[in-house]
Amino acid sequence: MATTFSSHPSNVNRETEEIYAKMDWNNLGFNLTPTDYIYVMESTNGGIFSEGALKPYGNIEISPASAVLNYGQGLFEGMKAYRREDGGIQLFRPEENALRMQMGAERLLMAAPSVEQFISAVKQTVLANKRWVPPCGKGSLYVRPLLFGSGAVMGINPAPESTFLIFTCPLGNFYKGGSAPLNLVIEETLPRAYPGGTGGVKNISNYSPVFSVVKEAKAKGFGDVLFLDAVDHKYVEEVSSCNIFVIKGNVISTPETDGTILPGITRKSIIQIARDLGYQAEERKVPVEDVLDADEVFCSGTAVGISPVGSVTYHHKRVEFKTGEGTVSQKIFDTLRGILAEAQDKSHFPIMAPPSVLSASQSTGNSSAGENYADFNWDELGYGIIPTDFMYTMKCLKGEKFSEGNLTPYGNIEISPSSGVLNYGQGVFEGLKAYRTENDHVLLFRPEENAQRMKMGAERMCTPCLSTEQFVNAVKQTVLANKRWVPPLGKGTLYIRPLLMGTGDVLGLAPAPEYTFLIYTSPVNSFHKGPVNLVIKDKIHRALFGNGGTGGVKSITNYAPTYKALIEAKEEGFANILYLDAATGKYIEEVSACNVFMVKGNAISTPRAEGTILPGITRKSIIEIALDLGYEVTERAIPLEELLEADEVFCTGTAVVVDPVVSVTYKDKRAEYRTGSNSVSQKLHERLVGIQTGRIEDTKGWTLKVD
C-alpha cells in the first residue's frame, strides 16, 4: 500500500539546511503554511503533458479568461507524506490518487498526467519540501495536486491547455479538538451531489456550493454536515469532504459509490482492512434510520484519517454513538496507523533544479490614443477570446469592503495555488455587452441588473461583493479603456466578463480570506452559427432541485460538469442540450447557458426562475418587451410534452441574445418549429437589439451611455 523514499534532492542545496523547518510541531493545526517549492507541469494544445519543474512556492500566472476561473474546470487530489520513526518518508497509495485524477479528468474533458508522471511529480515535490514533513507522531505533510483548465475560452468549452500543479503544507488534525468525537448534523434540503453530476470525482465545483450550510452548522456547534441523496432524501451519502461508515454488531456498512459519492482511497483501504480483521464490510444504500440505530459511526478521508462520530442530529433529535478505546473504529485506526509506520524498501529519486518563480509583468502603457477602432478585420469576427488592452481589478479582505480598483494592461494574473477558486470553485461571474451605435457612441444594457445578480451569487457562495455603484463604475472604466475594441454597428459587440473569486489561501473546506473582482473584455460576434437543434438528455441534470443548489446564480461550479454531455451532443450533430428538472425529469429548465421560451398561439411561456434556473437579464427584458407587444406571457413549470407541441421555441441570453430553435429531439422523437422573418422570436429580437444599439428609443431607461 505504501511507497517509501528517503533522499535529499540532488539539485537543491541542503548541506547547511536544518532537518526540520522552524515550526512549533507540538501545536501544528490545520492551516495553510507555505513550504519551499511547488511543482508545475503544463499540457500542450494537443493534450500531452511533458516535463514539469519545481519552482519556489508562490503565486502562479493564469489567464483571466481561463476555463477554471470562468467555468470551474478543475480537479484536485489530497494525499499525505508521513515521517517514520527512522526518519524516512512514506506516501500512501499514490497510484490510487493518480488513477482517480485520470477518472476525473475524463469526466471534465481534460488531459491528465500518466500515473508515472503523477507519482514522480509527487515524489519530487515531497523531497524538495522534506524539512516540512513533521516528526513522527506530530502530523503529516499534506500534498495537494491540482489539475485545471488554464487555457483561455469564451463559450462553454473545455480549455485548450491544462496545468498540473502540486503544493504542500504541514498539518495536524483536521477537526479542532484533536481526536475528540465529531458531532454531525444531517442536511435535509441541500444535496451534495446529484445523479449525472460530478459527485463521484474530485471536481472543484463540488465544494463551494456547500460552504453556506457547513458554516451554518458550525455556528450551531456541529463539526460538519452529513448529506442525503438528491433523489429520495432517505439515504446518507457523504460528509462535506469525507466518506462515512456505520457499524452494527460485526457489520460495517458504507454508502455505495454509484456516481454521486467519491470513491475515497482511505475508504477503500478501510474496507480491505476491516475484512482482514474479520468484519463483514459491505457497500450499500444506507438509510438514515440505519445510521441512527448504529453502534458506531465514523468518517474517513485523507484530511480526517479516521474520525469517530460522537453524535448525529436529525430532525432536532440527537443520537450518540460509542467512541474511544475498544471500539471498532479504534481497531481499524490502529491497524492503518501501523501500516503507515512500517519501514519498507528505500529508494532514491532525483529532483529537478527549481527555476525562478513566474512573475506577471505589468506595464503601465496607455491604449493607443486617438484610435476609433483596433486594427482588426471586423468582417471575420467570431466568438472566441481576443485579448484587448486593459482589464480591471479590485481586491477585498474577508470581513471588509471592496475599495478602489484600477485598470492594468490585459495579461495573466498572479494567483495562489491554494486559492479558494482553484481548489474549491469559489467564484461567480457575470456576462454583459457594450454596443456601438450609429453615431459612434457606446451603450451598456441594464448593467445594474448584473450588479444585483452578482450580489445574489456572492451571498450564496459566502463571498463579499462590491456595491452596485462600484460594479457599474468598474464596467464603464473597463469599456472606455477598451473602446477601440467595440466593433462597428452590425459587426458584433464587446463582451464584458466580470469575475468575483476567492483568491486568498485556504486549505480546509471554508471561504477564502481574500477576494478579487476582475473584469476583462473581448469583441465577439454571433454565438451560434447555423440552425439551433437541441437535444434533451434525461440522464444528466444541470442543477440540483429546490433552493439548495447553485443553479439560480452564476457560480462557476455550474458549467464544467456539463462539458462532457455537451461535447457528446455536438458530436451527434446538435448545437446544445436542453435540461430537464432533477426532481421529476418531467419539466424543462434551461439550455447549457441560456434560458428557454416556448410560443403557442399568442401565449409565450418560460420556466419559473426558482432556485435551479438562472434569472436571466435578457430573459427579464424579453418578458417585458413581449407584454408591450401584446403577447400573453407566463412564468410556470413547462412539461416536456407541451414543449414538443409548441409553435416556436427560442433561447435567450447575453451571448445568444434571442436565438430561434429549429428542432428539439427527445429519445426517438424530433419536434420542429417555426423560424424566420414572421416568427415571434424575430420580432422580439429586432425590438431588443434595436433598444440595445440605440436604433429604437429606450423608454424604459435600460441603456447607459459610457462615453
Is there side-chain contact between [X] and [Y], with heavy atoms separated by less than 4.5 Å?
{"X": "Ser592", "Y": "Tyr559", "result": "no"}
{"X": "Val288", "Y": "Val236", "result": "yes"}
{"X": "Pro255", "Y": "Ile244", "result": "yes"}
{"X": "Asn250", "Y": "Tyr279", "result": "yes"}
{"X": "Asn243", "Y": "Thr266", "result": "no"}
{"X": "Glu77", "Y": "Lys202", "result": "yes"}
{"X": "Met456", "Y": "Pro615", "result": "yes"}
{"X": "Glu459", "Y": "Val553", "result": "no"}

Output yes when a side-chain donor or acceptor of [X] lies under 3.5 Å from a complementary backbone atom of [Y], and no otherwise.
{"X": "Asp581", "Y": "Lys586", "value": "yes"}
{"X": "Tyr563", "Y": "Asn157", "value": "yes"}
{"X": "Tyr515", "Y": "Pro464", "value": "no"}
{"X": "Ser253", "Y": "Val246", "value": "no"}
{"X": "Gln73", "Y": "Ala159", "value": "yes"}
{"X": "Asn423", "Y": "Pro417", "value": "yes"}
{"X": "Lys80", "Y": "Thr302", "value": "yes"}
{"X": "Gln102", "Y": "Pro113", "value": "yes"}
{"X": "Thr198", "Y": "Val201", "value": "no"}
{"X": "Asp229", "Y": "Lys234", "value": "yes"}

Does the side chain of [X] come under 3.5 Å of the side chain of [Y] through a donor N or O and an acceptor N or O?
{"X": "Thr257", "Y": "Glu283", "answer": "no"}
{"X": "Ser605", "Y": "Arg636", "answer": "yes"}
{"X": "Ser555", "Y": "Arg460", "answer": "no"}
{"X": "Ser66", "Y": "Ser150", "answer": "no"}
{"X": "Arg107", "Y": "Asn203", "answer": "no"}
{"X": "Ser311", "Y": "Glu320", "answer": "no"}

Can you measure from [atom1] ([X]) to [atom2] ([Y]) and round to the nearest 0.5 angstrom?
{"X": "Leu499", "Y": "Asn70", "atom1": "CG", "atom2": "CG", "value": "4.5 Å"}
{"X": "Arg100", "Y": "Glu95", "atom1": "CZ", "atom2": "CD", "value": "12.0 Å"}
{"X": "Glu572", "Y": "Ile567", "atom1": "CD", "atom2": "CD1", "value": "11.5 Å"}
{"X": "Thr606", "Y": "Phe597", "atom1": "OG1", "atom2": "CZ", "value": "4.0 Å"}
{"X": "Leu141", "Y": "Cys169", "atom1": "CG", "atom2": "SG", "value": "7.5 Å"}
{"X": "Leu644", "Y": "Ile536", "atom1": "CG", "atom2": "CD1", "value": "6.0 Å"}

Provide the closest heavy-atom pair for [X] versus [Y] in the form atom of the first, atom of the second, distance.
{"X": "Val143", "Y": "Pro145", "value": "O-CD, 3.3 Å"}
{"X": "Ser208", "Y": "Met461", "value": "OG-CE, 3.0 Å"}
{"X": "Val309", "Y": "Pro181", "value": "C-CB, 4.3 Å"}
{"X": "Gly585", "Y": "Leu580", "value": "O-CD1, 3.3 Å"}
{"X": "Val210", "Y": "Asn206", "value": "CG1-O, 4.2 Å"}
{"X": "Ile613", "Y": "Pro607", "value": "CD1-CB, 3.4 Å"}

- [ ] For Glu187, check side chain to side chain donor-acceptor pair (under 3.5 Å) against everything at least two apart and list the hits.
- [x]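 Per chain and number, Glu187 pairs via side chain to side chain donor-acceptor pair (under 3.5 Å) with Thr189.
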
task = State whether the number of non-hydrogen atoms from other residues, nucleotides or ligands found under 6.0 Å of Lys268 atom NZ is greater than 12.
result = no

Hey, would you say the Phe76 and Phe148 ring centroids sit under 6.0 Å apart?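 For Phe76 and Phe148, the ring centres are not under 6.0 Å apart.
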
Cationic N near anionic O, under 4.0 Å, [X] to [Y]:
{"X": "Arg619", "Y": "Glu635", "answer": "yes"}
{"X": "Lys248", "Y": "Asp293", "answer": "yes"}
{"X": "Glu237", "Y": "Arg192", "answer": "no"}
{"X": "Lys537", "Y": "Glu589", "answer": "no"}

- Item | Candidates Val421, Ile556, Thr503 - the one meeting side-chain contact (heavy atoms from CB on, under 4.5 Å) with Leu69 |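 Answer after filtering Val421, Ile556, Thr503: Val421.
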
For residues 296-330, the ring pair (Phe, Tyr, Trp, His ring centres under 6.0 Å) pairs (sequence neighbours left out) are Phe245-Phe298

Residue pairs meeting ring pair (Phe, Tyr, Trp, His ring centres under 6.0 Å), one or both in residues 212-232, sequence neighbours left out, come to none

TODO: Give the intermediate values and the outcome of salt bridge (Lys or Arg N to Asp or Glu O under 4.0 Å) for residues Asp334 and Lys331.
DONE: CA-CA 5 Å; Asp334 291 341; Lys331 292 176 185 176; over 6 Å; no

Glu568 vs Ile577, test: side-chain contact (heavy atoms from CB on, under 4.5 Å). Steps then yes/no.
CA-CA 10 Å; Glu568 289 173 354; Ile577 296 174; over 6 Å; no

Is there a side-chain contact (heavy atoms from CB on, under 4.5 Å) between Leu171 and Ser140? Walk through the geometry before answering. CA-CA 6 Å; Leu171 54 79; Ser140 56; 3.7 Å; yes

Exercise. Could you please spell out the steps behind the side-chain contact (heavy atoms from CB on, under 4.5 Å) verdict for Ile204 and Val68?
Key: CA-CA 9 Å; Ile204 65 172; Val68 64; 3.8 Å; yes

Could you walk me through whether His233 and Glu188 pass the side-chain contact (heavy atoms from CB on, under 4.5 Å) test, one step at a time?
CA-CA 7 Å; His233 298 289; Glu188 300 175 41; over 6 Å; no

